[in-house]
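Notes follow once the structure below has been shown.
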Number of protein chains: 2
Amino acid sequence: MVDESGRHEDAYEAVFSALAHPARRRVLLTIYFNGGSMAAGEIAAVFSHAWQTTTRHLQILEAAGLLSSARDGRMRIYHLERKRLDLVRDWLAHFSITPDPAKETP
Amino acid sequence: MVDESGRHEDAYEAVFSALAHPARRRVLLTIYFNGGSMAAGEIAAVFSHAWQTTTRHLQILEAAGLLSSARDGRMRIYHLERKRLDLVRDWLAHFSITPDPAKETP
DNA sequence: AAAATATTCAGCATGTACGCTGAATATTGA
DNA sequence: TCAATATTCAGCGTACATGCTGAATATTTT
């Protein structure tokens, strides 16, 4: 296991996989620039996909912890979980740890 | 197009897709902690996959710009392109831009 | 030149992702 | 209750990803 603890392996997997699809990255940006929360239908309206396709993307994002949701009447409001993106930052931070200088390329 | 310029759309696609696979994330970390460069065979030795499988992962990482490579005798040396990871940081930085306050959730 | 080493290419099987459509569920309004 | 609205669930087809194996290529060594 490369990760120092192993605790986040599954989380990394979920988050990085979720971010791999352009529509899902765009969902996150869309919600963010809308103030952090949006109804499923509003989000779906941004895309040319069938709305059921967007539903699945939303579920994947929620399963990855990047969104949370709550029913509000007959709508479902999705809320961006910005903190979850820190997982990506954490992973990137590995590349700031100084590696073994003995092997450093000049 | 959500991105302010659109120039990086394909790059985002390549980089985020490349990072979606745990073996490829691990390749990057492995090379990094080895000093930034490793022969294909050395990298493949880290994994339990057939080495041909690792070859393909290396090609995907190189196509995404996360690795570069050069022949050295009968070996191929892969070099980590750390700067390319800035693309991910750039994308994450979108979530630090203050969104329209009128729509801000309290 | 032949053998050994290091890596890549090509093709195959299987599983998953992602688009679609149609049906189902939940809530609201008449 | 019935119709309208908002969303989800289920199933299908296609395409792609990812593992494998075997053959091919390039380089070095004998």
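All chains are named by letter (A, B, ...) in the order of the sequence lines, taking the proteins before the strands, and each is independently numbered beginning at 1.
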- [ ] Do nucleotides 24-30 of chain C as a string where each nucleotide becomes B, S or -: B if the base has a protein heavy atom under 4.0 Å, S if just the sugar-phosphate does, - if no protein is that close.
- [x] ---BBS-

Open item on the list: At under 4.0 Å between heavy atoms, how does the protein contact nucleotides 16-21 of chain C? Give one character per nucleotide, 5' to 3', with B, S or -.
Closed with: --BBBB

Task: B:Y32 six-ring centre to B:R82 NZ/CZ under 6.0 Å and within 45° of normal - done: no

Open item on the list: Would B:R84 and B:E62 count as a salt bridge (Lys or Arg N to Asp or Glu O under 4.0 Å) here? Give the steps.
Closed with: CA-CA 11 Å; B:R84 190 65 164 173; B:E62 187 169 20; over 6 Å; no

[X] side-chain N/O to [Y] backbone N/O, donor-acceptor pair under 3.5 Å:
| X | Y | result |
| --- | --- | --- |
| B:R76 | B:A39 | no |
| A:D90 | A:A93 | no |
| B:R24 | B:L19 | no |
| B:D10 | B:E13 | no |

- [ ] Please work out if A:A39 contacts a base, only the sugar-phosphate, or nothing of the nucleic acid, heavy-atom cut-off 4.0 Å.
- [x] sugar-phosphate

TODO: Report yes if at least one side-chain N or O of B:R76 is closer than 4.0 Å to OP1 or OP2 of C:dT8; otherwise report no.
DONE: yes

Would you mind reading off the distance between [X] atom [atom1] and [N] atom [atom2], rounded to a whole angstrom?
| X | N | atom1 | atom2 | value |
| --- | --- | --- | --- | --- |
| A:Q59 | D:dT8 | CD | P | 6 Å |
| B:L58 | D:dG19 | CG | P | 12 Å |
| A:Y78 | D:dT7 | OH | P | 9 Å |
| A:E13 | D:dT18 | CD | P | 10 Å |
| A:I43 | D:dT7 | CD1 | P | 9 Å |
| B:F47 | C:dT7 | CZ | P | 15 Å |
| A:L61 | D:dT7 | CG | P | 16 Å |

Task: Atom pair NE2/CZ of A:H21 and A:R26 - distance to nearest 0.5 Å - done: 12.0 Å

Open item on the list: Would you say the ring centers of A:W91 and A:F95 fall short of 6.0 Å from each other?
Closed with: yes

Task: Shortest non-hydrogen contact between B:R89 and A:L92, atoms and distance - done: NH2-O, 3.4 Å

